[in-house]
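Notes to accompany the following structure.
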Amino acid sequence: MFRRVLPLSALAAPTLVLALLVSVAPVGAVDGSGAISLTIAPNVRGESMGGLYATQTRDYSTRWGNPALLAFVDRKTAGLMYSKLVPDLADDVFYLYGGYVHPTQNLGTFQLDLTYLSYGQSDAVNVDGEVFDTFSSYEFSPAVGLGFKFLPNIGLGVAVKYVRVDLAPESVIPDAFGSGSGSGNSWAFDLGAAYDHERFRLGAVASNLGPDIAFIDNEQSDPMPRLLRVGGIYEIYSSEIGEVRAGAEWERSLVTFETPSIYHFGAEFVYAGLFAARAGYVHDKDGDIKAATGGFGVRWGNAALEYANVPQATDLDRVHRMALWYSWGAGGAVTP
C-alpha cells in the first residue's frame with residue numbers, strides 16, 4: 001500500500017505511518033495489502049499466547065479470531081481493547097476496538113464490533129517546505145458476525161465488514177497524482193469452522209476476503225489483507241485448582257504465496273478461575289518478529305481485565321495491550 005500512499009503522505013512527514021505499517025502488520029507490509037487495521041488483533045488473551053486467535057472463545061473479540069467460535073459462546077459479552085502502537089514515536093497513533101456478543105436460542109450467536117485505527121495528526125507541506133494545513137489520518141471498520149452449531153461439536157461462522165481508510169483530504173493532494181482522494185473504502189467477509197471437544201479445540205478461518213481498496217484511482221488499488229489461519233489448542237490439565245492448556249497456529253497470506261508462513265505458539269495457566277498467566281512465541285520471518293509474548297488475566301465476578309506485552313519489529317519497542325470486558329446471562333463462567 002505505502003508505495004502509492006506515501007506520495008500523499010510525503011506532504012505531511014509520513015515517518016510514523018510507515019513505521020506503523022511495517023511493524024504492527026507484517027503480513028500486510030510484506031504482501032502490499034491495504035486496510036492494515038484489519039490485521040491488528042484485538043484479542044488480548046490470544047496476543048499474550050503468541051497470537052492464538054482461531055481457537056479462543058467467550059470474549060468480546062470472538063468474531064475477529066474465528067466467527068465459527070461464536071457458536072460455542074452462550075453468554076452476552078461486551079468489551080473494549082486499547083493499545084498505543086508506536087509509543088516510542090507518538091502518542092496519537094493508537095488502536096481501539098469494541099465488541100458485543102449476543103447469543104440467541106434459535107439463530108446462533110451474533111457479534112457486532114467496531115475497529116478504529118488512528119495514524120495521528122500530520123502537517124501538509126507545500127513545495128517550498130511551508131506548512132499550509134494539518135489533518136488527521138485514520139481507519140475504521142464496523143463488522144457483524146454470526147456463528148451457529150452445524151453439529152453438536154462443530155461450529156460454522158461468517159462475518160461481514162466494511163472498512164474506510166482516510167489518509168489525506170483532497171485539499172492537500174497535488175493534481176499531479178490524478179483524480180481521486182487520499183480516502184478509500186471496501187468490504188470483506190470471513191469464513192470459519194471450529195471443532196470443540198472436551199479437551200481440545202480445532203479452528204480454521206479465511207479472513208478479509210473482498211475486493212481491492214482504491215485511493216487515487218481503481219488502477220492503483222491495494223488488495224485486502226486476505227489470510228488463512230489454522231490451529232488447535234489442547235487442555236493438558238484441569239481441576240478445581242487450576243487449568244493448563246497449550247496450542248499452536250499457522251498463518252498464511254492469501255494475497256501472495258511468496259510470503260513465508262507465520263507460526264504462533266502459546267500456553268496459559270488459570271488458577272481457580274480467578275487469575276491466568278500466559279506466554280507464547282511468534283515466528284514471523286519476513287515481518288522481522290521472532291520473540292516471546294506474555295500477559296495475564298484477572299477475573300472478578302463476571303468481569304475480566306486482560307493485559308499482553310507483545311513484540312514488534314526489532315527496531316521498535318514492545319507494545320502493551322489492555323482489555324476490559326464483562327459477561328452476563330446464563331451459561332458458563334468467565335475465563336480470565
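Residues take their numbers from the sequence shown, with the count starting at 1.
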Original post:
Linking I/L/V/M/F/W/Y whenever their side-chain heavy atoms sit closer than 4.5 Å, directly or via other members, would Y307 and L52 fall into one cluster?
Top reply: no
4.5 Å side-chain heavy-atom contact, V101 and L112
no
With I262 as partner, the option from L227, I289, V282 fulfilling side-chain contact (heavy atoms from CB on, under 4.5 Å) is V282
Report task. Using the rule that two of Ile, Leu, Val, Met, Phe, Trp, Tyr join whenever any of their side-chain heavy atoms come within less than 4.5 Å, decide whether Y97 and V86 are in one cluster. Result -> yes
From CA spacing to verdict: side-chain contact (heavy atoms from CB on, under 4.5 Å), T62, V73
CA-CA 9 Å; T62 302; V73 179; 4.2 Å; yes
- Message: Count I, L, V, M, F, W, Y as connected when their side-chain heavy atoms are under 4.5 Å apart, and connections chain through other members. Are Y53 and M224 then in the same cluster?
- Response: yes
Legend entry - Sidechain-backbone polar pair: E243 side chain, V270 backbone, donor-acceptor under 3.5 Å: no
| query | Would you say V144 and Q111 make side-chain contact, with heavy atoms under 4.5 Å? | reply | no
Check: Are the side chain of N208 and the backbone N or O of A188 linked by a donor-acceptor pair below 3.5 Å?
Finding: no
Sidechain-backbone polar pair: T104 side chain, L107 backbone, donor-acceptor under 3.5 Å | yes
Note: A204 and V230 closest approach over all heavy atoms is CB-CG2, 4.1 Å
In this structure, CE of M81 is separated from CD of E47 (nearest 0.5 Å) by 6.0 Å
* Do the rings of F200 and H197 sit parallel, tilted or perpendicular, given the 30° and 60° boundaries? -> parallel
Worksheet item: Heavy atoms, side chains only, cut-off 4.5 Å: are Y263 and Y281 in contact?
Response: no
Do side-chain atoms of R45 reach the backbone of Q56 as a donor and acceptor pair under 3.5 angstrom? no
Worksheet item: Is it true that D190 and R63 have a side-chain N and a carboxylate O under 4.0 angstrom from each other?
Response: yes
Report task. Quick one: sort the Y60 and W325 rings into parallel, tilted or perpendicular, breaks at 30° and 60°. Result -> tilted
Check your understanding: Is any side-chain heavy atom of K76 closer than 4.5 Å to a side-chain heavy atom of P103?
Key -> yes
Should Q312 and R318 be marked as a side-chain contact (heavy atoms from CB on, under 4.5 Å) after you check the CA-CA gap, both sets of side-chain angles, and the distance that decides it? CA-CA 6 Å; Q312 300 191 100; R318 295 172 69 93; over 6 Å; no
Taking 4.0 angstrom as the limit, do K290 and D284 come out as a salt bridge? no
Do M49 and V205 share a hydrophobic cluster, counting only Ile, Leu, Val, Met, Phe, Trp and Tyr and linking them when any side-chain heavy atoms are less than 4.5 Å apart? no
Tell me if the NZ atom of K285 is crowded by more than 12 foreign heavy atoms within 6.0 Å.
no
task = Answer yes or no: is there a donor N or O on one side and an acceptor on the other, between the side chain of R226 and the main chain of G210, under 3.5 Å?
result = yes
One should read off an interatomic distance between L96 CG and S118 OG, to the nearest 0.5 angstrom, of 10.0 Å
Looking only at atom types and distance, does a side-chain atom of S48 sit under 3.5 Å from a main-chain N or O of G294, one as donor and one as acceptor? no
Checking S183 against D166: is there a side-chain donor and acceptor pair closer than 3.5 Å?
yes
Here the pair of heavy atoms bringing F72 nearest to K149 is CD2-CE, 3.7 Å
Side-chain contact test, heavy atoms from C-beta onward, threshold under 4.5 Å: evaluate it for L38 versus T115 and give yes or no. no
Could you tell me if Y237 and S239 have a donor-acceptor pair between their side chains, going purely by distance under 3.5 Å? yes
One should read off an interatomic distance between D113 CG and S61 OG, to the nearest 0.5 angstrom, of 8.5 Å
**Report entry** Pair Y234-R201, side-chain contact (heavy atoms from CB on, under 4.5 Å): steps then yes or no
**Finding:** CA-CA 7 Å; Y234 180 74; R201 187 180 305 119; over 6 Å; no
In terms of heavy-atom contacts, G120 and V93 come closest through N-CG2, 4.4 Å
Item to complete: Report yes if some heavy atom in the side chain of W250 is under 4.5 Å from a heavy atom in the side chain of L228; otherwise report no.
Response: yes
Separation between OG (S207) and CZ (F189), nearest 0.5 Å, reads 11.0 Å
- Where does the angle between the aromatic ring planes of F296 and F275 fall among parallel (under 30°), tilted (30 to 60°) and perpendicular (over 60°)? parallel
Centre-to-centre under 6.0 Å for Y95 and Y82, is that the case here?
no
For P67 and G192 the tightest heavy-atom approach is CG-N, 4.1 Å
Tightest non-hydrogen contact, residues A35 and V163, listed as CB-CG2, 4.0 Å
Nearest heavy-atom approach of H264 to G50 is ND1-O, 2.8 Å
Hydrophobic clustering (ILVMFWY, side-chain heavy atoms < 4.5 Å, transitive) - are W187 and L191 grouped together?
yes
Backbone N/O of A71 and side chain of T109: donor-acceptor pair under 3.5 Å
no
Just by modelled atom types, is the R245 backbone N or O under 3.5 Å from a matching donor or acceptor in the E235 side chain?
no
ask   = Side chains of N66 and T55: closer than 4.5 Å at any heavy-atom pair?
value = no
d(L202 CG, N153 CG) to nearest 0.5 Å is 11.0 Å
Ignoring hydrogens and angles, tell me if any N or O in the side chain of R252 forms a donor-acceptor pair with the backbone of L254 under 3.5 Å.
no
Query raised in the report: Using a distance-only test with no angle check, is there a side-chain donor-acceptor pair under 3.5 angstrom linking R321 and N43?
Result: no
Report task. Go through F140 and R164 one step at a time and tell me if the side-chain contact (heavy atoms from CB on, under 4.5 Å) criterion holds. Result -> CA-CA 6 Å; F140 73 89; R164 179 173 177 84; 3.8 Å; yes
Item to complete: Answer yes or no: is there a side-chain heavy-atom contact under 4.5 Å between N309 and T293?
Response: no
Other residues, nucleotides and ligands only: do more than 12 of their heavy atoms fall within 6.0 Å of OH on Y162? yes
When rounded to the nearest 0.5 Å, the distance separating CG of L85 from OH of Y119 is 9.5 Å
Return yes when atom CD1 of I241 has more than 12 non-hydrogen atoms of other residues, nucleotides or ligands closer than 6.0 Å, and no otherwise. no
Review point. Are the side chain of E249 and the backbone N or O of A54 linked by a donor-acceptor pair below 3.5 Å?
Key: yes
Practice item. Name the orientation class of the two ring planes belonging to Y100 and H102 (parallel below 30°, tilted from 30 to 60°, perpendicular beyond 60°). Key: tilted
